[in-house]
Amino acid sequence: MPELKTRIGLIGDYNPAAKAHQAIPHALALAGAANEIACEYEWLHTSTLPDDPSERLALFDGLWCVPASPYANTAGALAAIRFVRQSGRAFLGTCGGFQHALLEYAEAVWKVAKPLHAELDPDAVDPVIVPLTCSLVEQHGEIRFEPASRLAAIYGAPTAVEGYHCRYGLSSRYAERLASGPLQAAGRDAEGDVRAVELYGHPFFFATLYQPERSALTGRRHPLIEAFVVAASASARHNPLVRTARPRRTESHTAVDKPSA
């Protein structure tokens, strides 16, 4: 039996038609079983997140901002990401979670007055998140890890092939800011575009434009999700709320995915 329980909050609007949402419970279960961790999870619909979500999110040891944006409540998603970035809890953002992690950081740290997402503001003059030159809906591609990155150490390899389901990514103008400061590029595609970031000085803060959770659809564990669960379990050892109310489990359903950010 697993020796430790850890709680994961899934920030996003659950959609049984989204393949990523189908995959996430299985990805967490595979990661937990491999590391003798009982991994519990709860879907946190963004419409339920207040301006200050700290009290609610304090129940969790790790937060995963999941794909399938735009979210019902963008401000709530950003507030949740800010909480986890500042609290030191384990954070993983994939696809839409990658985009919103960058929006939150742009506003809070880069001091961009109004960081915009082109999907929500198609006429924006200088959006942080822009349409991809080539759509990556249901595409696979090689990720090349920065040699000294923590992400490269987690994978234990210089490259990996990952799956996408997205149409928006980081503007090249804002990507230049990753050359200095704690938030840094950790993985790029073959053209050099940023596909993963990590936050130095934080116990565990990673965001990827690709969807590593999809590996679970074929029964494979993923090293990044395993690392996330292990990091969350380390947080659980110090979380005084770990023995209080249990998160709700939401079962996934098999369905056809639709394009989403």
Query raised in the report: Given R56 and L44, is the side chain to side chain contact (heavy atoms under 4.5 Å, CB included) satisfied, shown in steps?
Result: CA-CA 10 Å; R56 184 177 184 190; L44 303 172; 3.4 Å; yes
Could you give the side-chain donor-acceptor pairs of residues 123-136 under 3.5 Å, partners two or more places apart or in another chain?
| from | atom 1 | to | atom 2 | distance (Å) |
| --- | --- | --- | --- | --- |
| D126 | OD1 | R173 | NE | 3.1 |
| D126 | OD2 | R173 | NH2 | 2.5 |
| D126 | OD2 | Y174 | OH | 2.8 |
| S135 | OG | V137 | N | 3.3 |

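- In plain terms, the two heavy atoms of A186 and S149 that are nearest each other are O-OG, 3.7 Å.
- A heavy-atom distance below 4.5 Å is not found between the side chains of N35 and V229.
- Linking ILVMFWY side-chain heavy atoms closer than 4.5 Å, directly or via other members, places F91 and L59 in a single hydrophobic cluster.
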Side-chain atoms of residues 151-163: list all donor-acceptor pairs with protein atoms under 3.5 Å, sequence neighbours left out, distances to 0.1 Å.
| from | atom 1 | to | atom 2 | distance (Å) |
| --- | --- | --- | --- | --- |
| Y155 | OH | E162 | OE2 | 2.8 |
| Y155 | OH | Y210 | OH | 2.9 |
| Y155 | OH | H222 | NE2 | 3.3 |
| E162 | OE2 | H222 | NE2 | 2.7 |

**Report entry** Chi angles and distances behind the side chain to side chain contact (heavy atoms under 4.5 Å, CB included) call for W64, L28
**Finding:** CA-CA 11 Å; W64 183 343; L28 291 173; 3.8 Å; yes
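- Put simply, the side chain of L183 does not reach to within 4.5 Å of the side chain of V109, judged on heavy atoms.
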Query raised in the report: Going through the checks in order, is the ring-ring contact (aromatic ring centres under 6.0 Å, His included) test met by H100 and Y71?
Result: CA-CA 10 Å; H100 286 74; Y71 303 122; 4.6 Å; yes
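- Here the straight-line distance linking atom CD of E119 with atom CZ of R167 works out to 5.5 Å at 0.5 Å rounding.
- The ring pair (Phe, Tyr, Trp, His ring centres under 6.0 Å) search around Y164 returns none, not counting sequence neighbours.
- The two residues R150 and P203 have their closest heavy-atom pair at NH2-O, 2.6 Å.
- Under the 4.5 Å side-chain criterion, counting only non-hydrogen atoms from C-beta, L209 is not in contact with D189.
- In this structure F83 satisfies the ring pair (Phe, Tyr, Trp, His ring centres under 6.0 Å) test with no other residue, sequence neighbours excluded.
- Classification of the W43-H21 ring pair by plane angle, with boundaries at 30° and 60°, yields tilted.
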Query raised in the report: What's the verdict on salt bridge (charged side-chain N to carboxylate O under 4.0 Å, His left out) for E138 and R214, showing C-alpha distance, side-chain angles and the deciding distance?
Result: CA-CA 11 Å; E138 295 304 309; R214 286 179 171 236; 2.8 Å; yes
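- The cluster map of Ile, Leu, Val, Met, Phe, Trp and Tyr, joined by side-chain heavy atoms under 4.5 Å apart, puts L116 and F98 in different clusters.
- L30 pairs by the side-chain contact (heavy atoms from CB on, under 4.5 Å) definition with A216, R221, not counting sequence neighbours.
- Residues P70 and D13 share a closest heavy-atom pair of O-OD2, 4.5 Å.
- The shortest heavy-atom contact between F228 and G62 is CZ-C, 4.1 Å.
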**Report entry** From CA spacing to verdict: side chain to side chain contact (heavy atoms under 4.5 Å, CB included), V230, F204
**Finding:** CA-CA 10 Å; V230 169; F204 191 97; over 6 Å; no
Requested in this report: Begin with the C-alpha distance, continue with both residues' side-chain angles, and end with the deciding distance and a verdict on side chain to side chain contact (heavy atoms under 4.5 Å, CB included) for H165 and K19.
Outcome: CA-CA 9 Å; H165 192 83; K19 285 184 180 177; over 6 Å; no
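- Linking Ile, Leu, Val, Met, Phe, Trp and Tyr residues whenever their side-chain heavy atoms come within less than 4.5 Å places L170 and V112 in a single cluster.
- Annotation: the span from E40 atom CD to R7 atom CZ amounts to 6.0 Å, rounded to 0.5 Å.
- Taking all atoms of both residues into account, the shortest heavy-atom contact from A77 to T46 is CB-CG2, 4.1 Å.
- Side chains of L199 and Y105 form a contact here, defined as non-hydrogen atoms less than 4.5 Å apart.
- The nearest pair of heavy atoms linking Q22 to H26 is O-CD2, 3.1 Å.
- L120 and Y168 sit in two unconnected hydrophobic clusters of ILVMFWY residues. Membership requires side-chain heavy atoms under 4.5 Å apart, directly or through other members.
- Note on residues 181-200: no pairs pass ring pair (Phe, Tyr, Trp, His ring centres under 6.0 Å), not counting sequence neighbours.
- Inter-residue side-chain proximity for I11 and V84 is flagged as unmet; no heavy-atom pair is nearer than 4.5 Å.
- When hydrophobic clusters are built by joining Ile, Leu, Val, Met, Phe, Trp and Tyr residues whose side-chain heavy atoms come closer than 4.5 Å, directly or via intermediates, F60 is grouped together with L78.
- In this structure, F205 and R85 have side chains that are in contact, with non-hydrogen atoms separated by less than 4.5 Å.
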